[in-house]
Amino acid sequence: MDTELARTFIAILEAGTFLRAAERLHVTQSTVSARVRSLEEQLGSVLFARNRGGAVPTAAGQRFRRHAVALLQAVEHARQDVGIPDGFRALLTIGGRFGLWEHLLLDWLPLMRRAVPDVAVRAEIGYEEDLMQHLIEGRLDIGVMYTPQSRPGLIVERLLEEELVLVSSDERAPPEPASGYVYVDWGPEFRSRHSNAFPQFGGPEIIAGIGWLGLQHILSAGGAGYFPTRLARTHIAAGRLFVVDAAPRFSLPAYTVQSAQADTALLASALHILRDLARRTEDQGI
């Protein structure tokens with residue numbers, strides 16, 4: 001069976017409609033429909049019932065899910081086994097949000113290499129939606145993210161509790177968004193809490209989808225924004241940024257996600273080092 005058919009099937013389950021699945025896969029909706037027809041012909045069963053609400057898996061579709069996931073994981077594991085660099089016994093693939101790489105996962109990499117020198121590491125960056133999809137398909141061993149989704153066969157564990165603080169290039173900045181404020185999208189929970197804390201806020205001048213981008217703009221052009229203490233600490237210590245103490249602070253938990261069928265021996269050292277690093281990061285604070 002063509003793995004693209006299985007990947008398309010999983011994408012529809014995750015997206016809920018053929019159209020959104022097509023957008024995720026970067027193909028046309030007609031291509032998605034053609035793949036489903038081909039898959040249904042091969043299996044001799046109808047896999048989706050389509051209605052105004054989207055695409056709902058039939059009983060056959062629900063049964064096929066575990067086979068599709070197993071197929072994708074088998075192919076990915078085979079690719080990784082074949083692609084293990086010479087001199088290494090295994091390859092570990094880890095993916096995380098851009099902001100979680102800075103001063104956390106980047107610090108983890110050399111510690112991991114020293115602790116397990118015979119395991120090669122592949123590092124990836126992505127948003128939650130892509131990271132979750134890659135975990136489901138077996139393309140990632142570990143995902144590190146802020147807002148994971150609960151999925152069968154995946155283990156979600158809290159890694160650390162980030163604290164988002166309002167920092168500014170102006171020592172006398174007000175305790176609410178003002179001129180020069182950069183809104184960094186830290187996810188749905190932050191959006192909700194930010195709206196509740198600042199109900200009169202009319203909207204930012206600049207919206208940054210990546211924390212690093214917003215932080216670099218403030219450092220170069222001035223302004224204010226919410227950032228994890230982990231990212232702002234060095235700039236505060238150097239006097240380039242100032243904490244707006246009167247402003248509310250927000251919690252932002254980060255999680256690790258792994259497959260329940262993953263090689264636990266391979267992941268044990270990686271997760272142990274990551275948890276220890278996260279504990280030390282939390283203890284520093286501001």
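For the pair Ser169 and Gly222, the tightest heavy-atom approach, listed with the atom from each and the gap, is OG-CA, 3.3 Å. Shortest non-hydrogen contact noted between Ala208 and Val182 is CB-CG1, 4.3 Å. Nearest heavy-atom pair, Ala6 versus Leu71, reported as atom, atom and distance to 0.1 Å: CB-CD2, 3.8 Å. For Ser269 against Val116, the heavy-atom pair with the smallest separation is CB-CG2, 3.6 Å. The two residues Glu161 and Ser251 have their closest heavy-atom pair at OE2-CB, 3.1 Å. Val121 and Ile94 make their closest contact through CG1-CG2, 4.2 Å (heavy atoms, listed as atom of the first residue, atom of the second, distance).
Under the side chain to side chain donor-acceptor pair (under 3.5 Å) criterion, Arg89 pairs with Asp118, sequence neighbours left out. Evaluation of the side chain to side chain contact (heavy atoms under 4.5 Å, CB included) rule for Pro175 yields Val244, Ala246, Ala247 as partners, not counting sequence neighbours. Contacts of Tyr181 classified as ring pair (Phe, Tyr, Trp, His ring centres under 6.0 Å), with partners at least two apart in sequence or in another chain: His194, Phe201. By the side chain to side chain contact (heavy atoms under 4.5 Å, CB included) test, Ala270 is found to be paired with Leu92, Trp108, Met112, Ile142, residues two or more places apart in sequence or in another chain being considered. Looking at residues two or more places apart in sequence or on another chain, you find a side chain to side chain contact (heavy atoms under 4.5 Å, CB included) between Phe98 and Ile125, Ile210, Trp212. Here Asp170 pairs with nothing under the side chain to side chain donor-acceptor pair (under 3.5 Å) rule; sequence neighbours left out. Residues that satisfy the side chain to side chain donor-acceptor pair (under 3.5 Å) test with Asp276, not counting sequence neighbours, are Arg280. Residues passing the side chain to side chain contact (heavy atoms under 4.5 Å, CB included) test with His103, sequence neighbours excluded: Asp107, Arg230, Leu231. Taking the side chain to side chain donor-acceptor pair (under 3.5 Å) definition, one finds that Glu102 meets it with nothing, sequence neighbours left out.
Proximity of Val69 to Ile136: side-chain heavy atoms (C-beta onward) are separated by under 4.5 Å at one or more points. For the pair Val56/Phe48, no side-chain contact is recorded, criterion being any heavy-atom separation below 4.5 Å from C-beta on. Contact of the Asp130 side chain with the Glu124 side chain is not registered, since no non-hydrogen atoms from C-beta on lie closer than 4.5 Å. Pro148 is not listed as a side-chain neighbour of Glu128, based on a closest heavy-atom distance of 4.5 Å or more. Under the 4.5 Å side-chain criterion, counting only non-hydrogen atoms from C-beta, Leu5 is in contact with Ser38. Side chains of Leu159 and Leu104 form a contact here, defined as non-hydrogen atoms less than 4.5 Å apart. At a threshold of 4.5 Å between non-hydrogen side-chain atoms, the residues Arg191 and Asp185 count as touching. Contact check for Gln216 versus Leu213: no side-chain heavy atoms found under the 4.5 Å cut-off.
Here the side chain of Thr147 pairs no donor or acceptor atom with the backbone of Gly187 at under 3.5 angstrom. Of the possible polar contacts, one joining the Ser220 side chain to the His217 backbone as a donor-acceptor pair under 3.5 Å is found. Side chain of Glu205 to main chain of Gly180: a donor-acceptor pair is present (N/O by atom type, distance under 3.5 Å, no hydrogens or angles).
Leu274 and Ile155 sit in two unconnected hydrophobic clusters of ILVMFWY residues. Membership requires side-chain heavy atoms under 4.5 Å apart, directly or through other members. In the hydrophobic clustering of this structure, Trp186 groups with Val243; members are Ile, Leu, Val, Met, Phe, Trp, Tyr whose side-chain heavy atoms approach within less than 4.5 Å, directly or through other members. Cluster annotation: Val46 is not connected to Ile12 through the hydrophobic network of ILVMFWY side chains, with a link wherever side-chain heavy atoms come within less than 4.5 Å. Leu13 and Leu19 fall into different hydrophobic clusters, where Ile, Leu, Val, Met, Phe, Trp and Tyr are joined by side-chain heavy atoms under 4.5 Å apart, directly or via other members. Note on Leu267: it clusters hydrophobically with Leu109, by side-chain heavy-atom contacts below 4.5 Å among ILVMFWY residues.
The stretch residues 122-157 participates, sequence neighbours left out, in no ring pair (Phe, Tyr, Trp, His ring centres under 6.0 Å) pair at all. For residues 12-28, every residue pair satisfying the side-chain hydrogen bond (donor to acceptor under 3.5 Å, both in side chains) rule, not counting sequence neighbours, is listed here: Glu14-Arg151, Arg24-Glu129, Thr28-Ser30, Thr28-Thr31. Within the structure, ring pair (Phe, Tyr, Trp, His ring centres under 6.0 Å) pairs that include any residue of residues 228-263 comprise Phe190-Phe250, Tyr226-Phe250 (at least two apart or interchain).
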Exercise for review: Run the numbers on Leu241 and Phe227 for side-chain contact (heavy atoms from CB on, under 4.5 Å), then give the verdict.
Suggested key: CA-CA 11 Å; Leu241 293 176; Phe227 298 93; 5.9 Å; no

Exercise for review: Decide side-chain contact (heavy atoms from CB on, under 4.5 Å) for Glu40 and Leu43; before the verdict, give the C-alpha distance in whole Å, the side-chain angles of both, and the deciding distance to 0.1 Å.
Suggested key: CA-CA 5 Å; Glu40 289 176 334; Leu43 296 173; 6.0 Å; no

Exercise for review: Evaluate side-chain contact (heavy atoms from CB on, under 4.5 Å) for Glu4 paired with Arg35, printing each intermediate quantity in order.
Suggested key: CA-CA 8 Å; Glu4 283 301 323; Arg35 289 178 181 176; 3.7 Å; yes

Check your understanding: How far apart are the C-alpha atoms of Leu47 and Phe9, what are their side-chain angles, what is the distance that settles it, and do they pass the side-chain contact (heavy atoms from CB on, under 4.5 Å) test?
Key -> CA-CA 9 Å; Leu47 300 177; Phe9 172 83; 4.0 Å; yes

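Taken from CD in Glu176 to CG in Leu166, the straight-line distance is 9.0 Å, to the nearest 0.5 Å. Between the CD atom in Glu162 and the OG1 atom in Thr281 there is a gap of 8.0 Å [rounded to 0.5 Å]. Here the CZ-CZ distance, from Arg139 to Arg122, works out to 9.5 Å after rounding to the nearest 0.5 Å. In this structure, CG in Leu140 is found 5.0 Å from CG in Leu135, a value given to the nearest 0.5 Å. Of the inter-residue distances, the one linking Gln149 atom CD with Leu154 atom CG reads 10.0 Å to the nearest 0.5 angstrom. Taken from CG in Leu164 to CZ in Arg193, the straight-line distance is 9.0 Å, to the nearest 0.5 Å.
With respect to the salt-bridge test (charged N to carboxylate O, under 4.0 angstrom), the residues Glu282 and Arg158 qualify.
The side-chain tip of Arg50 points at the ring of Phe18 from less than 6.0 angstrom away and within 45° of straight on.
Within 6.0 Å of NE2 on His272 lie no more than 12 heavy atoms contributed by other residues, nucleotides or ligands. Within 6.0 Å of atom CZ in Arg66, 12 or fewer heavy atoms from other residues, nucleotides or ligands are found, so the atom counts as exposed in its surroundings.
Thr234 and Arg240 share no donor-acceptor pair across their side chains, judged by distance under 3.5 Å alone.
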